[in-house]
Number of protein chains: 2
Amino acid sequence: MSALRDIEHNLPLQLLKAREAAMASFRPMLRKHGLTEQQWRVLRVLSAYPDIDATTLAHRSILLAPSLTRILKHLEQTGYVARLQDPVDQRRATFSLTAAGSSKVARVAPDSEALYRHIEAQFGASNLDSLYRLLNKFSSAVQNGSNANT
Amino acid sequence: MSALRDIEHNLPLQLLKAREAAMASFRPMLRKHGLTEQQWRVLRVLSAYPDIDATTLAHRSILLAPSLTRILKHLEQTGYVARLQDPVDQRRATFSLTAAGSSKVARVAPDSEALYRHIEAQFGASNLDSLYRLLNKFSSAVQNGSNANT
DNA sequence: CAGGCATACTTAACATGTTAAATGATTTCG
DNA sequence: CGAAATCATTTAACATGTTAAGTATGCCTG
C-alpha cells in the first residue's frame, strides 16, 4: 500500500524544525549587525578559508551558485569582500575578506558565541556532540547513494 | 577573546547540510509530480490534519504566514486545496484537501516512501531513530530558552 | 457601547532558493 | 590547429524566506 509515514518521521521537516529553533535566536542577533543569515555564512567561510573561488565557497557555505552571485555582489558593494580575478584561469575569481570584513566578523563573533553557550546550556554539551556526529555521518552516508534519479 | 568556533561546529550549517543531503533526492522526485518542497509539505500536513486553520497549518508545516498565504493561493488555483471561511470567526479560514488533492498525495506517497527506504538503507534504521530522537529533543530544549533578545 | 487592544491573516519590499539557459573561457581530441 | 565538450560564473524567471506594516474582525474593559 505504501501509506504515507507519520509526519513525526518526516526527516527534512524535523531537520528544518531544529534549524528554525536554532535560528530563532541567531537571526535577530545577525539583524542587529545588519547581516542576513547567508551573508554571515559567506563571511564566516571566508574567514576560515581565505582566497577561495566561488565554486568552493558555494560548496562550503551550502549555497547555490545563483544565490552566491547575488550575495557576493552585495558584500562587495558593502565593502566586506574583495574579488580577485584569477590571472591564469580567466573564468575563475577568488574572494577574501577586506579589513572591514574581518573587523565585522570580529564584532559579530562574540554575540554568536554567546548564543552557542546558551544552546549548550539548554541542550547539553554531550547531546550537542552526539548531534554533530550523527549529522555528519548522515550527510556523508546519504550523499553517496544519490543515484536514484534518471 | 571569543574567537569564532570551528566551522564544523556551526550547528545551523550542519543541520542545513544534512537537510540538503536528504532533499537532493526528494526535490527531483517532487518536481516530476509538479510540486515544490513547500507545496508538498502543506499537502502532507493537510492529509494528516484535515480542516485546520492557517495559523496551525503554518506551524505544522514550518512555514511563515506570508509564505503560506502565497502557497495556499497557488494550491487553491491548482484545485488541490479548498478554503472554508469560518462562520463563527470571520477572520479565520480552515483548509482541507479536495478529492484531487487527496489523490495527488496518494500518487506521490509511494515515491516518497521509496526514497525513505533508500535513506534507511544508507544510514541505518538505528542511526535514523537516534537522529529523530535527538532532533526532537533539541527542538523542544532550545525553543523554551529563547529569551535572549531585546 | 465606544475606544483600545489582540488576533488572523494579507500585502509589500527586498533577499534568497531553485531550475534552466546563457555567456565566456579552457580543455580535449581528432 | 580547430570543433566540440567541459567548466566557472552569471542571468532569467518564478517560488519562497523574512521583516514590517496593513486590514479586518473579534474581544475587553470602562
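Letters A, B, ... mirror the listed sequences (proteins, then strands); counts begin at 1. Any value given below was found using the heavy atoms of this structure, including those in side chains, with hydrogens, waters and symmetry copies removed. Here the structure is a predicted model, which is why all the values come from computation and not from measurement.
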Within residues 59-81 of chain A, residues whose heavy atoms come under 4.0 Å of DNA chain D: A:Ala65, A:Pro66, A:Thr69, A:Arg70, A:Lys73
N or O in side chain of B:Gln38 less than 4.0 angstrom from D:dG17 OP1/OP2: yes
Terminal axes of the helix from C:dC1-D:dG30 to C:dG30-D:dC1 (five pairs each): angle between them, nearest 10 degrees: 10°
Any B:Gln39 side-chain nitrogen or oxygen under 4.0 Å from OP1 or OP2 of D:dT16: yes
Integer-rounded Å distance: C:dG17 P and B:Met23 CE: 14 Å
Touch class at under 4.0 angstrom, heavy-atom based, for B:Val88 against every strand present: sugar-phosphate
Presence of salt bridge, A:Arg27 and A:Glu20, under 4.0 angstrom: yes
OP1 or OP2 of C:dA15 under 4.0 Å from side-chain N/O of A:Arg27: no
Residue whose nearest DNA chain D nucleotide is more 5′ - A:Ala93 or A:Glu37: A:Ala93
Proximity to DNA chain C (any heavy atom under 4.0 Å), residues of residues 43-58 of chain A only: none
Euclidean distance, atom CD of residue A:Gln85 to atom C1' of D:dA8 [Å, nearest integer]: 10 Å
OP1 or OP2 of D:dT19 under 4.0 Å from side-chain N/O of A:Arg31: no
B:Arg19 or B:Arg92, whichever maps to the more 5' nucleotide of DNA chain C: B:Arg92
Base C:dC9 to side chain B:Arg91, donor-acceptor N/O within 3.5 Å cut-off: no
